[in-house]
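Being a predicted model, the structure only gives us computed values, none of them experimental. Just so you know, residue 1 is the first one in the sequence shown, and it goes up from there.
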Amino acid sequence: MFALLGLSISLLTGIAGAQQIVARSPQAPVLDGVPDEPAWSKATVFNLTHRLGNGKTQVGTIVKMTFNGDRLFVLFVCEEPDPKAMKRAVRQRDGEVWRDDCVEVFLAPDPNEPSSYYHIVVNSLGIVRDEFWCDGKDDVGWDSNAKVAARVESNRWVAEIAIPLERLNRVPIFSEIWKVNFARQRYSVEPPELSTWQPCKASFHEPENFGTVTFEDINALPSVRKLSGKIVQSEANRLLKTIRQLLTQLPTVQKTETGKEVAKLLTDWQHRLSERNLSGVWRQVRTLDKQMPTLSAIVARAKLAERSRRPYAVFAVSPMLKLRPEQIPESEPLDGKSVVSLFAAKGEAESLQIIVAALEKDLEGVKVGVTPLVGPKGSVILPEVRLVGYVPVQKPTPGGFGVAGSYPDPLLPIRTFDVQRGRCQSVWLTVWVPRNSLAGVYEGAIVVEPKNAAKLTVPIRLRVYDVTLPVQSHLKTCVLIWDYKARQVYGDAWTPERSRRFYELCLRYRFTPPPPLPWDKVFVKQPDGTWVAKWDEFDREVEAWMSKGATAFSIGGILRWGTKPPPENEREDVAAKLKLLGEHLKRKGWSERFYFYVFDEPSTAEFANIEALCRFVHQHAPNLNILLTAGYGATGPFRSHAPTPEGAAYRALAGSINIWVPHIDCFDEPFLRERKKLGDQVWMYVCISTVGKTYPDIWRIDWTGVSHRAIGWWLWRYGCEGFLYWCVNYWTDDKGKPFDLFANPVAYPGGNGDGFLFYPDPQRGDPIPSVRVEIFRDAIEDYDLLTMLHRTVTSLKADKKFAQKLAKPLSEVEQLLDASNLILAANKFVDDPRPYEQRHKRILELLELLAKGKR
């Protein structure tokens, strides 16, 4: 399409205030790890003085940069008083080099698009990880072909890096002004010292904070001009091919206004991508790349409008699908003959989305409702209907969909609504099946009635199986409510009654925030200095919470927060309380449901203290459990997707810890399965540290809902009996200022959604649930059904008569219980709602069948 010669490559304008100038060097430096040579003497100098987040660095780091005709050169000279304390473990190219002492280079050649940048990490062994980042997603497949010389000396270490310019092949170089940053990670001190040239707040990956550097006349180099032409030509051809494919989805002659508009839009894009000005075409490429998800959705809507010739369409889709308002479902729309089906156990909740799409005109005053579902002997189940709210994702979460826009999350009270032409609105339907329901088929209707269009009535059918979920989940959970965060938002409206309702709401979703217990009323010191315990009120509270579904309880009022044993002057009193509690829990049969959670994500430096604390507790109450949340500090270089032979560092705490709660990517499966065999509990937790990764989670708003459902199957596959999440209502910052999560769903920095599963009600009513919490509930229900199926099969196999009679279904059960074809690896799951929903239904069928067979 483009001739590489004779075309105008116009420079980008509007970039001012270059902070540093890098000049072309007539002589290339020799890569030998020795920085004291003439080629570096005139190179531009950068100092890494900013500590990540805030503060100044303790040691100096100097960076020098230059380039010649074919390579870019970077030199790091890193002061290091204690080289023996440096981390130098990673030896695999493209491995997790950032876990070691390392240096990093960030290069964004297009200053108008700093979110597209090259990232090169080098450790003191000279091991390289290189990747290309675009809009928050990294591609490790990019190869810089960088050559490195690293050298460790008595008081410093040096890294020289040579990057061939021809390998900067993802972004054309039209400007001599680039966005750049440099960073260093130093692990020889505690806490680690993370430093940068230009200040960053929470992460090195903040391209908006990169500095400005002028590379004198680099864009005039013949090799650079030729490379830029190739990049633009390749990217434009790629998008032109996509446009042609989209045009084929529309009829040759469009009969609707929507179809005509979209066909014209696609044709216009073809013309824009065929300009002769390279920099102009590149701007169109970048614009269209960002708009392509929206454009594809518009074409899908036009295709449907041409086919249906109706003003609107209604879809029933999986709750795991997260569709922005401009996206239309790929499934067929409903008509009066369609039947929407749901399948549930007694005591289970099932959801679906009803999506209303305005095709040819704006819809006004749309009412969506569901009639009561009538079943056996006239019994009735009343569905719950809510309006899906959309939150504006301004900065996509790394590793998510990578598209800014409005995403479904808060579930609001139902009301009439309008839908603009070309947009969709989701309505959320949940059927909470009472435990005393009769098994059988329940029928009703979904009614969609716009004020300015014809009403649509669609039959809905619920099949309730003769299977009952227990009130208490088989999965122990610690999903924290931070009550003081709620008070900071609600003020006096956060009454004890509202707080208690919030705890009960979480239990309705089958996970347990550690319930408040009257620890302050239990232990009483006698005049003679001895301690007694009053358990009546305590026991009533525990039993009441268990009857509502609570599965696990945090022990409070005995140990201080932290890893150290109690001070000497408190130990006798603490020991007496531990002994009384241990004996009481043993008598009640509650030992496995109580835990100490008194330290969080410790480092290996705290292991000695933790062992001493555990010895002290177990000396006086051997049956009390101590919970360890193991993040990177307690794990070392081990990762579940790339295990090391020695395993996780927390193996050293074997014999001390009772409840192991590693982060999902710190899960040392062989070790933890062994600990479980020896009687310990194995849990797992997720948080912001999975950002940019493909592990399932429950927090990312702008990522597939399947990731939330997959959590239940992940826990089952890896033999976990518990799950932890750090907060469902992180609604305020560290100074107590409330976030406006409806305007920007970033609470904990770094990702959309981490730290909250509920929204505070702007009208000061009870907290508002999210799409994510509904899907998470389904994940726990899957885990419970799998547990029930496993126990049923184990029981039946013990009776040879029934095992022979039910041989065929028992064989199928073994396949269903194997989650490895849904959870393909620790960081890989099947991203399609259908297999999860199909398995859910089949498990219900088999549980009912096996129960009947046994009778």
Side-chain angles (χ1 to χ4, degrees), residues 135-137 290 292-298 300-301 314-331 350-357 386-412 417 419 422-430 509 686 690-713 741-742 744-747 751-759 768-779 782 829-837:
D135 296 327
K137 288 188 176 182
K290 292 180 178 179
M292 187 56 75
T294 300
L295 185 61
S296 298
I298 290 172
R301 175 174 57 85
V314 178
F315 302 83
V317 302
S318 168
M320 288 178 266
L321 288 179
K322 294 186 184 180
L323 299 175
R324 300 184 302 279
E326 71 272 16
Q327 291 180 294
I328 202 160
E330 296 180 357
S331 57
E350 282 298 295
S351 301
L352 64 83
Q353 293 184 77
I354 304 163
I355 293 182
V356 181
R386 287 169 288 182
L387 186 68
V388 175
Y390 296 86
V391 292
V393 167
Q394 301 167 20
K395 183 178 179 181
T397 305
F401 291 128
V403 178
S406 297
Y407 283 86
D409 202 48
L411 297 176
L412 309 170
F417 55 88
V419 188
R423 309 284 283 181
C424 297
Q425 173 64 55
S426 176
V427 173
W428 198 271
L429 183 153
T430 302
Y509 283 104
V686 298
T690 54
V691 68
K693 301 182 180 71
T694 55
Y695 292 88
D697 65 42
I698 62 170
W699 63 265
R700 265 180 278 203
I701 288 174
D702 51 328
W703 197 33
T704 172
V706 180
S707 71
H708 316 324
R709 182 76 176 259
I711 282 287
W713 289 86
L741 298 174
F742 293 95
N744 182 7
V746 175
N752 296 282
D754 190 32
F756 66 98
L757 295 176
F758 297 86
Y759 291 77
I768 296 168
S770 66
V771 164
R772 292 168 293 134
V773 81
E774 291 264 321
I775 303 173
F776 179 38
R777 175 208 63 216
D778 290 342
D782 285 345
F829 57 91
V830 173
D831 186 13
D832 180 351
R834 289 169 295 184
Y836 299 87
E837 292 168 340

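Rounding to the nearest 0.5 angstrom, the gap separating the CG atom in Asp409 from the CZ atom in Phe758 is 11.0 Å. Taking CG of Asp697 as the start and CH2 of Trp703 as the end, the distance is 5.5 Å to the nearest 0.5 Å. From Met320, atom CE reaches atom CG of Asp832 across 8.5 Å, with rounding to the nearest 0.5 Å. To the nearest 0.5 angstrom, Ser770 atom OG is 6.5 Å from Leu411 atom CG. Going from atom OG1 of Thr690 over to atom CG of Asp754 covers 7.5 Å, rounded to the nearest 0.5 Å. For the atom pair Ile328 CD1 and Leu323 CG, the distance stands at 9.5 Å (nearest 0.5 Å).
Listed here is the closest heavy atom pair of Lys137 and Gly400: CE-O, 2.7 Å. Contact detail for Pro293 and Val403: the closest heavy-atom pair is CG-CG2, 3.7 Å. Here the closest heavy-atom approach between residue Tyr390 and residue Val388 is recorded as CE1-O, 3.6 Å. Across all non-hydrogen atoms, the minimal contact from Ser331 to Val317 is OG-CG1, 3.8 Å. The heavy-atom pair separating Pro396 from Ala404 by the smallest distance is CG-N, 3.6 Å. In terms of heavy atoms, Val391 sits closest to Pro745 at CG2-CG, 3.9 Å.
Annotation: side chain of Thr397 is not in contact with side chain of Ile701 (no heavy-atom distance under 4.5 Å). Counting heavy atoms from C-beta outward, Leu741 and Phe756 have side chains that approach closer than 4.5 Å. With a 4.5 Å cut-off on side-chain heavy atoms, Ile698 and Arg772 do not count as touching.
Checking His708, Gln327, Gln353 one by one against Lys322, the side chain to side chain donor-acceptor pair (under 3.5 Å) holds for a single residue, His708.
The aromatic ring centroids of Tyr759 and Phe742 lie less than 6.0 Å from each other.
Look at Arg834 and Glu837 and you find no salt bridge, because none of the NZ, NE, NH1 or NH2 atoms lies under 4.0 Å from a carboxylate O.
With Arg709 contributing its side chain and Ile775 its backbone, the two residues share no donor-acceptor pair below 3.5 Å.
Geometric assessment of Arg700 against the ring of Phe401 yields a negative cation-pi assignment under the 6.0 Å and 45° thresholds.
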Next item on the list: Decide yes or no on side-chain contact (heavy atoms from CB on, under 4.5 Å) for Val830 and Val706, but give the supporting numbers first.
Entry: CA-CA 8 Å; Val830 173; Val706 180; over 6 Å; no

Next item on the list: I would like to know whether Asn752 and Gln394 meet side-chain contact (heavy atoms from CB on, under 4.5 Å); could you show each step before the answer?
Entry: CA-CA 9 Å; Asn752 296 282; Gln394 301 167 20; over 6 Å; no

Check: Stepwise, does the side-chain contact (heavy atoms from CB on, under 4.5 Å) test hold for Phe829 with Ile711?
Finding: CA-CA 9 Å; Phe829 57 91; Ile711 282 287; over 6 Å; no

Checklist line | side-chain contact (heavy atoms from CB on, under 4.5 Å) evaluation trace for Leu387 with Phe417 | finding: CA-CA 9 Å; Leu387 186 68; Phe417 55 88; 3.6 Å; yes

